[in-house]
Amino acid sequence: MLKTLVKRSFAKAWHKLEDDERINKRIAVVEVERSSRPEFGDFSSGIALAEAKNTTLSAHELATEFANALSTDITAELYSQVEIAGPGFVNVFLAPSLIHSALREILEMGDRFGYSTTGQEKPVQVEFVSSNPTGPLTVGHGRQAVLGDVLASLYTTLGYKVSREYYFNDEGHQIDLLAQSLWARYRQEFGDKTSIPEQGYQGEYIVDIARQLAKEPGPSVADFDEQTANRFKQEAISRISLMIKNDLDLLGVKFDSWFSEQTLHHSGEVTAALEALKACGGVYEREGAIWLKTEENQGVKDSVLVRGDGRPTYLMVDIAYHINKHRRGFVHVINVQGADHQVEQSCMRAAMRILGYPEDFLDYAVHQFVSIREHEKITRMSTRAGKFILLNDLLDELGRNVVRYFMVARKPTSHLEFDIDLARTQSLDNPLYYIQYAHTRIASIFRRVGSPALSPQVDLRPLEKREELDLIKQLDRFPEMLQQAAFEFSPHLVADYALTLARAFHAYYDSYRVLGDQERLTTARLALLRGVQIVLHRSLQLLGLSIPEEM
RNA sequence: GCGCCCGUAGCUCAGUUGGACAGAGCAGCGGUUUCCUAAACCGCAGGUCAGAGGUUCGAAUCCUCUCGGGCGUACCA
């Protein structure tokens, strides 16, 4: 990577200066950044500006000294030029031969380009969606599904051993309500007037399931005794789970494991978790309930773990779940959640502190909600008010690729306004197709020349146009971008990057002909296109989008 | 009231961790095709980065306050 090389060179040059008595200042890291505009070179450093006050020199004098020290690397063919600009920035222009070496590296790596060993195969879990099996997924869940999926892919690329998990809340009050709702609908199939409980589930899908159950052979069940309640609970859960899994399948999201809340109750892990918290002095009793000491542990607000009637709260069970995760050996657990769970997050972090887990064990990738805009009308999602759009309907209408792209292209912490009209009627201007089309154009050229094998040793010197060198520098940035996208939980950077790369490619394609009669030039340009193709392919793959050869 | 997120072009959003004259897509206007896929390219127009202070050599970015929007503040899950 070019930045690594430049960084090394800058550090070396700076350390030469440190012996100068006028400077005499050791600093750990010499910051290097990519220049914001072409006239400022490829990389620049503002170190002279920042450090001048610690020396007897002015910023400009210090910059001059630094630039002099750097210029020995011109002869080493690292830079073509070193400049001082503005109040004391030092800008370097990379030598073409160095830029060519970056492309050579990409050709050598091929499809492995962008992968790294940063993660050292450490086990990481990404838990996401985890929607209650009380109904089908909404578009909000869809956003989370795509974010979690891409985040998991990013961590895999960085060399972590990633496991995607879905936590099923298949126990508790909501599930009981679900069973009662299903029972009521079931009785209605037999002409009964049984009504759905207050706060029960009204959705049509419950009627469908009831209808299926009513058609099954055997005597109809007339009493809602414990056995019946249990049976309807399991029927509801298993059938709704299937709907959820089907939706996720359509979205192209696959999980490695489905964790059932029920198992935590049955195995005694909930009780054990409470004991563990007690042993660490993390709980107290008040008004007949057991509370977690959240506030003492940097949390927002204490909350109930065990109710007055002895039943554990959702939080209690969730803590048991996280103890389970820890026991399974994950060094890092990333929970993808909506913005409405902040209190729970704060409690969970407090619980982890009480139990003495490392600070970086648990992390939350938080995202804002989705609203749908259609015919100038904005619909906010609200399950309670029965106002929500199903993920399934959106997928039906727009297809996996478009839905995934729109869900991931926005910064997670920003509210996502999903413009259906745009996604629908203006699909030809959709950025997704723009990116895919770039890949298609390259594939078409390679089809024409019969996909030649391009050795990394190919002579790249004919690549001397500004656009060509710029494209290579773009490609070189890919691994850095991936790290940032993963560690900052910002998968949208990948979408953004792919769009920028596609734009640079389309402009290049229109200005220069790749296939010409000068063989050396053609071969070099094909090598460049191979590089672009590799990176576009990797980007689309990470986002879970299809990679068309033709459009 | 308190806590978290957000406020950037007509609309939807980026902004490389504090850098040098603020960027894209869409919408608007005007151009480009005997040539590797025009689902493309080029140009024009469009912004007091919500507002006011502060820190800094340097702020859309960090701090404080104000205004505006979303979410939360359950012995629900």
Side-chain angles (χ1 to χ4, degrees), chain A residues 31 33-37 39-40 44-46 48-50 52-53 58-59 85-89 91 130-132 134 169 171-175 177 199 261 287-291 300-301 303-309 311-315 317-318 338-346 366-369 371 373 380 406 409-419 422 426-434 436-438 440-449 477 480-481 484 488 492-493 495-497 499-500 502-503 505-516 522 525 529 550-551:
Chain A
E31 287 304 331
E33 50 198 43
R34 285 176 193 273
S35 302
S36 52
R37 6 180 104 247
E39 58 267 38
F40 300 148
S44 64
S45 173
L49 289 166
K53 57 174 176 278
S58 71
F89 288 103
N91 301 331
S130 298
S131 158
N132 293 352
T134 52
N169 300 123
E171 192 65 79
H173 184 58
Q174 294 301 323
I175 296 295
L177 275 175
Q199 312 286 328
E261 179 185 341
E287 296 160 14
I290 300 177
W291 298 68
V300 178
K301 187 174 181 184
S303 35
V304 172
L305 291 174
V306 183
R307 300 179 179 91
D309 62 9
R311 284 157 44 235
T313 60
Y314 170 83
L315 176 63
V317 183
D318 209 17
D340 53 340
H341 288 252
Q342 61 168 106
V343 173
E344 176 203 333
Q345 290 161 12
S346 141
V366 177
H367 66 90
Q368 290 289 329
F369 296 146
S371 55
R373 170 212 281 260
R380 295 223 161 71
F406 273 75
R410 208 108 302 169
K411 188 169 56 180
T413 52
S414 290
H415 194 93
L416 169 60
E417 192 164 301
F418 199 113
D419 188 335
L422 182 76
Q426 301 182 326
S427 58
L428 291 190
D429 292 317
N430 194 318
L432 163 68
Y433 299 124
Y434 184 87
Q436 289 181 324
Y437 185 51
T440 305
R441 279 180 145 178
I442 296 173
S444 169
I445 290 178
F446 279 114
R447 265 200 306 279
R448 190 170 285 256
V449 291
R477 207 169 67 82
E480 271 167 63
M481 181 277 300
Q484 197 189 349
E488 291 176 15
H492 71 285
L493 293 177
D496 214 57
Y497 172 89
L499 189 61
T500 308
R503 187 176 306 124
F505 167 74
H506 282 307
Y508 174 68
Y509 179 94
D510 275 281
S511 323
Y512 298 96
R513 231 194 118 73
V514 174
L515 303 178
T522 296
R525 287 186 169 170
L529 257 58
E550 291 176 76
M551 283 173 83

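Letters go in sequence order (proteins before strands), and every chain restarts at 1.
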Looking for any heavy atom pair under 4.0 Å, which part of the strands does [X] touch: base, sugar-phosphate only, or nothing?
{"X": "Gln345(A)", "value": "nothing"}
{"X": "Glu550(A)", "value": "base"}
{"X": "Ala438(A)", "value": "nothing"}
{"X": "Arg448(A)", "value": "sugar-phosphate"}
{"X": "His492(A)", "value": "sugar-phosphate"}
{"X": "Val514(A)", "value": "base"}
{"X": "Ser44(A)", "value": "base"}
{"X": "Phe446(A)", "value": "nothing"}

Nucleotide opposite [N] in a Watson-Crick or G-U pair, distances under 3.5 Å:
{"N": "rG19(B)", "result": "rC57(B)"}
{"N": "rU73(B)", "result": "rG1(B)"}
{"N": "rG46(B)", "result": "none"}
{"N": "rC41(B)", "result": "rG31(B)"}
{"N": "rA9(B)", "result": "none"}

* Asked: Could you give the distance from CG (Asn430(A)) to CG (Leu432(A)), rounded to the nearest 0.5 Å?
  ->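 Rounded to the nearest 0.5 Å, the CG-CG separation comes out at 5.0 Å.
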In whole Å, measure the gap between the [atom1] atoms of [N] and [M] for me.
{"N": "rG58(B)", "M": "rG54(B)", "atom1": "C1'", "value": "15 Å"}
{"N": "rC11(B)", "M": "rG51(B)", "atom1": "P", "value": "15 Å"}
{"N": "rG7(B)", "M": "rU48(B)", "atom1": "C1'", "value": "15 Å"}
{"N": "rG25(B)", "M": "rG46(B)", "atom1": "C1'", "value": "14 Å"}

* Closest-nucleotide 5' rank along RNA chain B - winner of Ala502(A) and Leu49(A) ->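 Its nucleotide being nearer the 5' end, the pick is Leu49(A).
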Look at the side chain of [X] and decide which nucleotide, out of [options], has an atom nearest to it.
{"X": "Val343(A)", "options": "rG72(B), rU16(B), rC41(B)", "value": "rG72(B)"}
{"X": "Ala507(A)", "options": "rC42(B), rC36(B), rA20(B)", "value": "rC42(B)"}
{"X": "Met551(A)", "options": "rA39(B), rC36(B), rA40(B)", "value": "rA39(B)"}
{"X": "Lys411(A)", "options": "rA40(B), rU16(B), rG15(B)", "value": "rG15(B)"}
{"X": "Ile445(A)", "options": "rC36(B), rA40(B), rA77(B)", "value": "rC36(B)"}
{"X": "Glu39(A)", "options": "rA24(B), rA14(B), rC21(B)", "value": "rC21(B)"}
{"X": "Ala85(A)", "options": "rG25(B), rG15(B), rA20(B)", "value": "rA20(B)"}
{"X": "Glu287(A)", "options": "rU12(B), rG72(B), rC75(B)", "value": "rC75(B)"}

Is the shortest side-chain N/O distance from [X] to OP1 or OP2 of [N] below 4.0 Å?
{"X": "Lys301(A)", "N": "rG72(B)", "value": "no"}
{"X": "Arg307(A)", "N": "rA74(B)", "value": "no"}
{"X": "Arg34(A)", "N": "rG19(B)", "value": "no"}
{"X": "Tyr509(A)", "N": "rC35(B)", "value": "no"}
{"X": "Arg37(A)", "N": "rG23(B)", "value": "yes"}

* Using atom types as modelled and distance alone, determine if a side-chain donor or acceptor of Arg311(A) lies under 3.5 Å from a backbone N or O of Val306(A). =>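 No, because the side chain of Arg311(A) does not come within donor-acceptor range (under 3.5 Å) of the backbone of Val306(A).
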* Is there a donor-acceptor contact under 3.5 Å from the side chain of Thr522(A) to the main chain of Gly516(A)? ->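 Looks like yes, one N/O pair under 3.5 Å.
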* Using only heavy-atom distances, decide whether a donor-acceptor pair under 3.5 angstrom links the side-chain of Asp340(A) to the base of rA77(B). =>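 Flag unset: no donor-acceptor pair detected.
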* Asked: CG of Leu305(A) versus C1' of rA77(B): gap in Å, rounded?
  ->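 To the nearest whole Å, that distance equals 15 Å.
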* To do: For Leu416(A) and rA14(B), give me the distance from atom CG to atom P, rounded to whole Å.
  =>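 Value for this atom pair: 9 Å.
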Check nucleotides 2-5 of chain B for protein N or O atoms closer than 3.5 Å to its own N or O atoms and list the pairs.
from, atom 1, to, atom 2, distance (Å)
rG3(B), N2, Gln342(A), OE1, 2.1
rG3(B), N3, Gln342(A), OE1, 3.4
rC5(B), O2', Gln368(A), NE2, 3.2
rC5(B), O2', Thr413(A), O, 2.9

* Asked: Under 4.0 Å between a Lys/Arg side-chain N and an Asp/Glu carboxylate O for Arg410(A) and Asp496(A)?
  ->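 Salt bridge absent between Arg410(A) and Asp496(A).
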* To do: Write down the atom of Arg307(A), the atom of Pro312(A), and the distance for their closest heavy-atom approach.
  =>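 Scanning both residues, the minimum pair turns out to be NH1-O, 2.9 Å.
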* Please report the closest heavy-atom contact between Arg441(A) and Phe505(A), naming both atoms and the distance. =>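 Scanning both residues completely, I find the closest heavy atoms to be CB-CE2, 3.9 Å.
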* Side chains of Arg503(A) and Tyr508(A): is there a donor and an acceptor less than 3.5 Å apart? ->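 No pair is found: no donor N or O on one side chain lies under 3.5 Å from an acceptor on the other.
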* To do: For Gln342(A), enumerate each residue passing the side chain to side chain donor-acceptor pair (under 3.5 Å) test, keeping only those at least two apart in sequence or located in another chain.
  =>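 None.
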* Please confirm whether Tyr314(A) and His173(A) have ring centers closer than 6.0 angstrom. =>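 When the ring centroids of Tyr314(A) and His173(A) are compared, they turn out to be at least 6.0 Å apart.
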